[in-house]
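Letters go in sequence order (proteins before strands), and every chain restarts at 1.
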Number of protein chains: 4
Amino acid sequence: MAETRTSPAPSSATAAPQPDAAAAAPAPRPSKVPKTERGRRTLRALLNAAAEEFGEKGFHDAAISQITARAGVATGSFYVYFDSKEAIFQALVRDLSGQVKDFVGPSIAAAPNQLAAESAGQLAYLNFVRQHKEIYRIIDESEFVDPAAYREHYTNSAARIAARLEAAAQRGEISAGDSEVRAWAIMGMNVFLGLRFGVWGDEAPEAVVQEAGRLLAHGLSSPSASGEERA
Amino acid sequence: MAETRTSPAPSSATAAPQPDAAAAAPAPRPSKVPKTERGRRTLRALLNAAAEEFGEKGFHDAAISQITARAGVATGSFYVYFDSKEAIFQALVRDLSGQVKDFVGPSIAAAPNQLAAESAGQLAYLNFVRQHKEIYRIIDESEFVDPAAYREHYTNSAARIAARLEAAAQRGEISAGDSEVRAWAIMGMNVFLGLRFGVWGDEAPEAVVQEAGRLLAHGLSSPSASGEERA
Amino acid sequence: MAETRTSPAPSSATAAPQPDAAAAAPAPRPSKVPKTERGRRTLRALLNAAAEEFGEKGFHDAAISQITARAGVATGSFYVYFDSKEAIFQALVRDLSGQVKDFVGPSIAAAPNQLAAESAGQLAYLNFVRQHKEIYRIIDESEFVDPAAYREHYTNSAARIAARLEAAAQRGEISAGDSEVRAWAIMGMNVFLGLRFGVWGDEAPEAVVQEAGRLLAHGLSSPSASGEERA
Amino acid sequence: MAETRTSPAPSSATAAPQPDAAAAAPAPRPSKVPKTERGRRTLRALLNAAAEEFGEKGFHDAAISQITARAGVATGSFYVYFDSKEAIFQALVRDLSGQVKDFVGPSIAAAPNQLAAESAGQLAYLNFVRQHKEIYRIIDESEFVDPAAYREHYTNSAARIAARLEAAAQRGEISAGDSEVRAWAIMGMNVFLGLRFGVWGDEAPEAVVQEAGRLLAHGLSSPSASGEERA
DNA sequence: CATGAATGAGAGTTCATTCAT
DNA sequence: TATGAATGAACTCTCATTCAT
């Protein structure tokens, strides 16, 4: 059986310097780019405070007055840098999306082959989620607050996975197949395992990743039988 | 917005034998069970209106006054049936969760073996999502509005999947392994494929399901190589 | 010489029941028409309070919280009847515009001939302005707050004057000429005399009206000479 | 927005001999007179920018930050030259009031007799208004922002007109009468004709002025009848 | 003189919920 | 049961003004 759902991405970056799709994003993060050092500090303080506040309370229960209080600045200062609550949320999502990518990416790049890479990415993602539950929550909520950012986040992640699969297939490491479908499937696995074993539970991640790796490598079929064909 | 139910019925039973967690839920659906025919009609109208309103606007932007307006009743009447905005949302999530299960369940039960069952469930789920995008959205948002309901929904789903895998493994249809991890992985795949190919896109679902079925059956490994062991 | 300026209309109603141009106005005054007696009382209280507040402070310095305080209702009640500060201001202008018309109209209708009618209207207007300085101010300010209402007010007034002149010319009571130009000229006279001798000063209105009547009847020319033609 | 002045010059002199009320005004125009060339340029830029901004948005919707942005200077620089938003508005109104006078005055001076002079003034005014709608608006709004400046503007204008009428009456060019009442009546006519046929419409100004000239010369009376006396 | 970040009081507006009818 | 007016706490956002650099 199968049911509904959604969540923050496993991601896994390309260390390569190729122009990221995000580079084409229309609006730069903060509505005002600070020109002085002082301004840069204030902006950073606001983003950090926002991550805390949104993570703890969710978008709607978060209050701008609380964000500025946490950041130690006046209410009005908020609007020097962001046009609205939505605007800072969006800036945050893009920021965090990048953080996930940057955290997970290196593990993947270091893996000897594709299957190992996916497992490494999964493990890194699980650990990241466990340490940054608020990030998971924030990205998830963007589905409702800023659908475009949400979609962008997952579309980018899937594209990176698909590119890796494509390359591996050409190298003969894995079988050929529709990379996009596979990428979304793998991403979904990662996200849900992250939810269950990263956010909600804290079972040993290695065991989880091992089991998932087996599934990814050989599927469910028993060595002897291959049920599907006979279905 | 997809056809909303025409009766406030609390959704149906599970084919599965496992005790439905929902049965233990503390709060009964509507805070007041109507005694007259007129009352029953009003309650039904409110739930239908709520499905539309929440589906279109999301929880926080949905307004009770809009729900009552859609339902054609006065503002005050709302509180005859529900104690709060959260209460009607919760009632709705439980209701919709049941609808998903009821729609997908039969396809699974009709399948000849486990792998076929998962593929059938996936296909049914994809079709359901495509026709009821607002339901997808509502259940998703419950992560923030009513986390218990959200967790319950996915935990129940995973439990059902795990039970099926367990049984299939005992029958020798599939390999042995940690059923819970596998169940969450499969559920994640389904959900994300549903998001990508059900909610956002409308590519032919059969192709998607076929590719996912192959992945589930045999994994990514190329017939010749088995990368993982060497990693 | 001649300079800038603007102000609230002299008006002068048609007692006749002919459909008023205002009847074609798109939006009805209050955004919600009360259905109960209690509601009607609250709406009236709000409008009265708004007239006081706007009259004393002007649009921008007026506060909705002050309006509701004066009316003796809660802040939120305001929004039951009006969508915004602008909305109640608009409703007020239309209301007051009607009041001016209703006050001045009868005097005009009672006059024996056209020149007497204009003088009577002028006198009535002067007296009205003197007693309702806040109304003068409110209508004036609508030029900036709700230009459409402002324009409507003066256009309607001018149309009524022009219609009277037209009729009088056909009766041979006055000379023929461009009624619209004449109407705006007369209205301008009335408004500025109202400003100078109604709002700012309180010289005997009868003397002012008498002098203005002479001007209207015979112009500036000296009985013997007629300068213009020779120019 | 019509060409704003190219220099912060405080407007010119009056041809009329009566003491200019503005000369007695308490506050000198800019709160600080620039000593350097650079300062003079900044001041000029601010006044020009203010004329645009106030003309387009009105006093309250105009923002100092917008004025400085248009002027191409930093926010803080504003306060080097003006003490407040009100202060720059006041400086502007006095400036513009002088512009109107300077534009209209010469036409009047050139006329052969009084009636011709009033018509010439009217025509000049109409043309001025048509080309400088934002000036019209700014002076008008001063009724609410800076009542003293508003009153001063119209009182001065009326005084100039009255002085002309007085002189013409003594020369026997026009009949005798209360000059102040006549002056305000004429000014009102001009202003409203300016509103209707200058700001709102652009019918041929000559026809408007001709009709108004007839009214001013002979009034409304038909050659044969003289209604008023019989009233 | 110029800069531009920081300020914070104050306003308008929303809407879930109550309650008298 | 149904109604719909009334409530008021709470929130987002504005912007004239200050001041350290």
Student: Closest nucleotide of DNA chain F for B/T42 versus for C/V73: which of these residues is on the 5' side?
Tutor: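 Going by which nucleotide is closer to the 5' end, it is B/T42.
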Student: Regarding B/E52 and B/K57, does a basic nitrogen lie under 4.0 Å from an acidic carboxylate oxygen?
Tutor: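 B/K57 and B/E52: not salt-bridged.
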Student: When rounded to the nearest 0.5 angstrom, what is the spacing between NZ in A/K85 and CD1 in A/I67?
Tutor: 7.5 Å
Student: Take atom CZ of C/F78 and atom C1' of F/dG8, then tell me their distance rounded to the nearest Å.
Tutor: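 In whole Å, F/dG8 C1' lies 16 Å from C/F78 CZ.
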Student: Nearest to the C/S84 side chain among E/dC1, E/dT7, E/dT13, which nucleotide is it?
Tutor: E/dT13
Student: Between D/R137 and D/E134, does at least one N-O distance fall below 4.0 Å, as a salt bridge requires?
Tutor: no
Student: Using a 3.5 Å limit on both distances, find every run of at least three consecutive Watson-Crick or G-U pairs that involves DNA chain F.
Tutor: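 Consecutive-pair runs (3 or more) involving DNA chain F: E:2-21 with F:2-21.
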Student: Starting at atom CG of C/L46, determine the distance to atom C1' of E/dT13, rounded to an integer number of angstrom.
Tutor: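 C/L46 atom CG is separated from E/dT13 atom C1' by 15 Å.
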Student: Which whole-number value in Å describes the distance from D/H60 NE2 to E/dG10 P?
Tutor: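 Interatomic distance, NE2 of D/H60 to P of E/dG10: 16 Å.
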Student: Rounded to the nearest Å, what distance is computed from the CD atom of residue D/Q66 to the C1' atom of nucleotide F/dA16?
Tutor: 14 Å
Student: Does B/F59 have its ring centroid less than 6.0 Å away from the ring centroid of B/F144?
Tutor: no
Student: Using whole Å, what does the distance between atom P of nucleotide E/dA2 and atom CG of D/L43 come to?
Tutor: 10 Å
Student: Ignoring the backbone of B/Y79, work out which of E/dT18, E/dG12, F/dA5 is nearest its side chain.
Tutor: E/dT18
Student: Check every strand shown and say whether A/T75 touches a base, only sugar-phosphate, or nothing at a heavy-atom separation below 4.0 Å.
Tutor: base
Student: Aromatic rings D/H60 and C/H60: how do their planes relate, parallel, tilted or perpendicular, breaks at 30° and 60°?
Tutor: parallel
Student: For the side chain of C/K35, starting at C-beta, report the closest nucleotide among F/dG4, E/dA6, F/dT17.
Tutor: F/dG4
Student: Rounded off to whole Å, could you give me the CD1-to-C1' distance for the A/I88 and F/dT12 pair?
Tutor: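 A/I88 atom CD1 is separated from F/dT12 atom C1' by 13 Å.
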Student: Flag the pair C/R151 and C/E143 as a salt bridge only when some basic side-chain nitrogen lies within less than 4.0 angstrom of an acidic carboxylate oxygen.
Tutor: no
Student: So B/A62, base contact, sugar-phosphate only, or nothing? Heavy-atom distance under 4.0 Å.
Tutor: sugar-phosphate
Student: Rounded to the nearest Å, what distance is computed from the OH atom of residue D/Y81 to the C1' atom of nucleotide F/dA16?
Tutor: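 So the two atoms are 19 Å apart, to the nearest Å.
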Student: Between F/dC15 atom P and D/F59 atom CZ, what is the distance in whole Å?
Tutor: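 Rounded to the whole Å, the gap is 12 Å.
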Student: If you only use heavy atoms from C-beta on, which nucleotide in E/dA2, F/dA2, F/dT3 is closest to the side chain of D/S77?
Tutor: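 Minimum distance to the D/S77 side chain belongs to E/dA2.
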Student: With a non-hydrogen cut-off below 4.0 angstrom, is A/G76 in contact with a base, only sugar-phosphate, or nothing?
Tutor: base
Student: Tell me which of B/A74 and A/I64 sits closer to the 5' end of DNA chain F, going by the nucleotide each one is nearest to.
Tutor: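 Nearest-nucleotide comparison on DNA chain F picks B/A74.
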Student: Between A/G39 and D/R38, just flag the one whose closest nucleotide in DNA chain E comes earlier from the 5' side.
Tutor: D/R38
Student: Is it the case that the side chain of D/S84 and the backbone of D/A87 share a donor-acceptor pair, with hydrogens and angles ignored and the cut-off at 3.5 Å?
Tutor: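 Confirmed, D/S84 side chain pairs with D/A87 backbone.
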Student: Between A/K133 and A/E56, does at least one N-O distance fall below 4.0 Å, as a salt bridge requires?
Tutor: no
